[in-house]
Amino acid sequence: MTPFFLSALFAASLSFATLPSFAAAQQMLSDGQEIVATFSKGPFSSFQGRYGTGKVGFTYRKSSNTLGPASILSHTGDEIVARGTSTTCTFRKNASVSCKNGSRGVWQLAK
């Protein structure tokens, strides 16, 4: 490779790296959307939610930055991290949910 080609490649990579990332600005949920988490492991699996045992509904509120009663620490296009009174949970784009207290499961949009 010629020095010119390498410098052009390096300059091109810098210009792409400095472009705004539109994917980073997207969020996984929209204001008012409700999700249902179904916990199959951990303490939340025996919790009696309004959808049944181990099934808990959470509504995202943009204005208060909350997911149900939990405060949102981060909300991207790939995941939401929310801290409640007893633990912190991560809701991922792949529909999995995991909490620091050992609770694990899946989530979906409420119907």
Side-chain angles (χ1 to χ4, degrees):
M1 286 191 214
T2 66
F4 173 76
F5 178 77
L6 289 175
S7 63
L9 182 63
F10 179 73
S13 68
L14 283 180
S15 63
F16 286 117
T18 57
L19 290 175
S21 173
F22 295 106
Q26 293 178 342
Q27 294 186 325
M28 214 165 63
L29 295 177
S30 299
D31 188 43
Q33 278 189 304
E34 183 180 12
I35 63 171
V36 177
T38 302
F39 293 97
S40 56
K41 295 181 182 179
F44 292 159
S45 65
S46 59
F47 180 80
Q48 184 61 41
R50 70 176 168 203
Y51 294 98
T53 303
K55 296 183 178 187
V56 185
F58 301 95
T59 301
Y60 169 58
R61 298 286 178 215
K62 185 175 183 174
S63 61
S64 58
N65 200 37
T66 56
L67 185 61
S71 297
I72 294 177
L73 303 177
S74 68
H75 185 185
T76 66
D78 295 321
E79 69 181 22
I80 296 172
V81 179
R83 180 176 49 217
T85 56
S86 63
T87 193
T88 299
C89 296
T90 302
F91 298 81
R92 292 182 183 79
K93 186 178 182 177
N94 69 2
S96 69
V97 57
S98 60
C99 304
K100 289 187 176 183
N101 71 355
S103 295
R104 304 266 183 278
V106 295
W107 68 271
Q108 65 184 19
L109 290 174
K111 295 178 182 180

Applying the 4.5 Å side-chain criterion to the ILVMFWY set and letting contacts propagate, would V36 and F47 be lumped into a single cluster? no

Single-linkage hydrophobic cluster, 4.5 Å side-chain cutoff, Y51 and L109 together: no

Straight-line distance of R83 CZ to S74 OG, nearest 0.5 Å: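 It is 11.0 Å, given to the nearest 0.5 Å.
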
Pairwise distance CZ(R50) to NZ(K55) - rounded to 0.5 angstrom: 13.5 Å

Looking only at side chains, do N94 and S96 share a donor and an acceptor under 3.5 Å apart? yes

Could you pull out all donor-acceptor pairs under 3.5 Å where a side-chain atom in residues 57-70 meets a protein atom, sequence neighbours excluded?
residue : atom : partner : partner atom : Å
Y60     : OH   : Q27     : OE1          : 3.3
S64     : OG   : T66     : OG1          : 2.8
N65     : ND2  : I72     : O            : 3.0

Nonpolar side-chain network containing L73, other nodes, edges under 4.5 Å: V81

Closest heavy-atom contact between T53 and S45?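 Taking T53 first and S45 second, the nearest heavy atoms are CG2-O, 3.6 Å.
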
Heavy-atom closest pair, residues H75 and M28: NE2-N, 3.1 Å

Side-chain atoms of residues 101-108: list all donor-acceptor pairs with protein atoms under 3.5 Å, sequence neighbours left out, distances to 0.1 Å.
residue : atom : partner : partner atom : Å
N101    : OD1  : S103    : N            : 3.0
N101    : OD1  : S103    : OG           : 3.0
S103    : OG   : F44     : N            : 3.0
R104    : NH1  : C99     : O            : 2.9
W107    : NE1  : R92     : O            : 2.8

